[in-house]
Amino acid sequence: MSENILIELRGLTKRYGYGDTESFAIKDFDLTIKRGEFIMIMGPSGCGKTTLLNIIGLLDRATRGEYILNGENVASISARRQSRLRAKKIGFVFQNFNLIEDLPILENVALPLIYSGHSKTARLKNASSALKRFHLQEREYYFPYQLSGGQQQRVAIARAIVNDPEIILADEPTGNLDSRSSHIVMEELKAIHEEGNTIIMVTHNPALTVYATRVINMLDGQIDTDVKTVADANLPQPISVKIKKKSSTPTESSTVKEQKPKKHKKNRRKH
Ligand code: ADP
Ligand code: MG
């Protein structure tokens, strides 16, 4: 079922320094990721988890190796193309939320849509429906500091999914949250996964691996163990379009769209 392969990494290596100072954050890394997987990556501090996530998220580049995303080798495309692809296909969630402090949360969530060609009104409407999904619609005009950590992380997840990305990358998203907020955030990610989205998440908390369909332990920039807990055949199927045309628009297959199909349809025409 090769059409189900979303990401292939082949011999991916990230080197820092030269000669005496040479070190490898990840080395000769091979990994195949299918659509609908919920992968949790664990491993000691410094083993390369963030480096791996940043390369997958097109925020960083490998020193060598192949990164094939949807059949296209994206390891050596221009920075401009990388950022366009990133804006279309990838949603990020970070440990420290990374919200912009002097923007109300509605505008924070609307930010990824800036590159989409939508009007500002349409962007704010989309952001508003994303916030509604996370029961934060009453707080649209709050600033990040006015919310709890758990609420801020839900805002960050709303921002990560507002653009209907294919891949959600989360780097220790519960690392700054108490256990109750962690649980709420994990339930949100679980729901997003069950809608057929692919999630790759770094965590230090072994208890969270119950949410994963696959658990990868890293050591010294390489895979130490790789265990699938759900058979490929049982991965969730995307709710909306999945048989994609080559030149598909970024707004396929998501979450917010499921709730407000009309709005999204209208917006999509502007692509
Ligand atoms: P993790 O997220 O698993 O804690 P990282 O991916 O952040 O690990 O880091 C992996 C290794 O790469 C570490 O040894 C780290 O010191 C090194 N590293 C990360 N970023 C840089 C950098 N910009 N310059 C030099 N070394 C770096
Ligand atoms: Mg890290």
Side-chain angles (χ1 to χ4, degrees), residues 6-33 37-69 74-77 79 82-83 85-86 89-99 149-150 152-153 156-157 159-160 165 167-179 181-182 185-186 188-189 193 198-209 211-228:
L6 179 61
I7 288 172
E8 283 183 271
L9 308 177
R10 299 274 170 259
L12 208 70
T13 296
K14 178 74 177 183
R15 186 194 63 220
Y16 287 110
Y18 292 92
D20 288 350
T21 64
E22 183 179 78
S23 68
F24 293 91
I26 55 170
K27 193 167 186 189
D28 299 327
F29 201 94
D30 295 332
L31 181 64
T32 300
I33 298 174
E37 287 197 280
F38 190 156
I39 298 180
M40 282 203 193
I41 298 179
M42 303 189 66
S45 187
C47 72
K49 305 179 297 294
T50 294
T51 303
L52 177 70
L53 222 58
N54 287 347
I55 293 173
I56 292 175
L58 299 168
L59 284 172
D60 195 1
R61 275 171 194 277
T63 312
R64 61 169 191 265
E66 287 181 28
Y67 171 11
I68 296 154
L69 175 59
V74 296
S76 50
I77 58 176
Q82 274 197 333
S83 50
L85 264 182
R86 184 170 67 235
K89 299 202 181 273
I90 294 161
F92 276 97
V93 182
F94 301 92
Q95 177 171 3
N96 59 1
F97 325 131
N98 277 16
L99 299 174
Q152 290 190 53
Q153 196 58 302
I157 296 172
R159 180 183 59 185
I167 310 164
I168 314 290
L169 301 176
D171 197 350
E172 305 196 37
T174 64
N176 282 346
L177 302 179
D178 59 38
S179 67
S181 303
S182 295
V185 160
M186 288 314 301
E188 300 290 8
L189 290 175
H193 172 245
T198 307
I199 302 182
I200 308 168
M201 169 176 157
V202 170
T203 184
H204 275 123
N205 185 351
L208 301 184
T209 56
Y211 290 95
T213 65
R214 181 176 182 184
V215 180
I216 293 176
N217 267 286
M218 286 178 64
L219 194 61
D220 297 337
Q222 297 192 310
I223 291 178
D224 187 29
T225 61
D226 180 356
V227 178
K228 288 190 181 183

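In each ligand, atom 1 is the first atom listed, and ligand 1 is the first ligand listed. One is the number of the first residue; the rest follow in order along the sequence.
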Any side-chain heavy-atom pair from [X] and [Y] closer than 4.5 angstrom?
X     : Y      : answer
Arg64 : Asp28  : yes
Phe29 : Lys14  : no
Gln95 : Val202 : no

To check your reading of the model: name the closest protein heavy atom to [atom], its residue, and the distance in Å.
atom                    : answer
atom 18 (N) of ligand 1 : Tyr16 CE1, 3.4 Å
atom 4 (O) of ligand 1  : Gly46 N, 2.7 Å
atom 12 (O) of ligand 1 : Ala25 CB, 3.3 Å
atom 7 (O) of ligand 1  : Thr50 CB, 3.7 Å

Please say which of Val74, Ile68, Ile56 ends up in a side chain to side chain contact (heavy atoms under 4.5 Å, CB included) with Ile7. Ile56
Please check whether Gly48 reaches ligand 1 - meaning an N/O of the residue sits under 3.5 Å from an N/O of the ligand, judged on distance alone. yes
Under a heavy-atom criterion of less than 4.0 Å, does Gly43 contact ligand 1? no
Salt-bridge test for Asp171 and Lys49: reply yes if a basic N is under 4.0 Å from a carboxylate O, no otherwise. no
Residue selection (non-hydrogen contact nearest atom 9 (O) of ligand 1) among Thr51, Leu52, Ile41: Thr51
Assess whether side-chain hydrogen bond (donor to acceptor under 3.5 Å, both in side chains) is satisfied between Arg10 and Thr32, documenting all intermediate values. CA-CA 9 Å; Arg10 299 274 170 259; Thr32 300; 3.2 Å; yes
If we ignore angles and hydrogens, is there a donor and acceptor under 3.5 Å between the side chains of Asn54 and Thr51? no
Any N/O/S atom, side chain or main chain, of Ser45 closer to the Mg ion (ligand 2) than 2.8 Å? no
May I ask whether atom 16 (O) of ligand 1 is less than 4.0 Å from at least one protein heavy atom? no
Does the protein put a heavy atom under 4.0 Å from atom 22 (C) of ligand 1? yes
Check each atom of ligand 1 against the heavy atoms of Ser45 and keep those under 4.0 Å away; list them by number with element. 4 (O)
Between Asp224 and Met218, is there a donor-acceptor pair closer than 3.5 Å when you use the side chain of the first and the backbone of the second? no
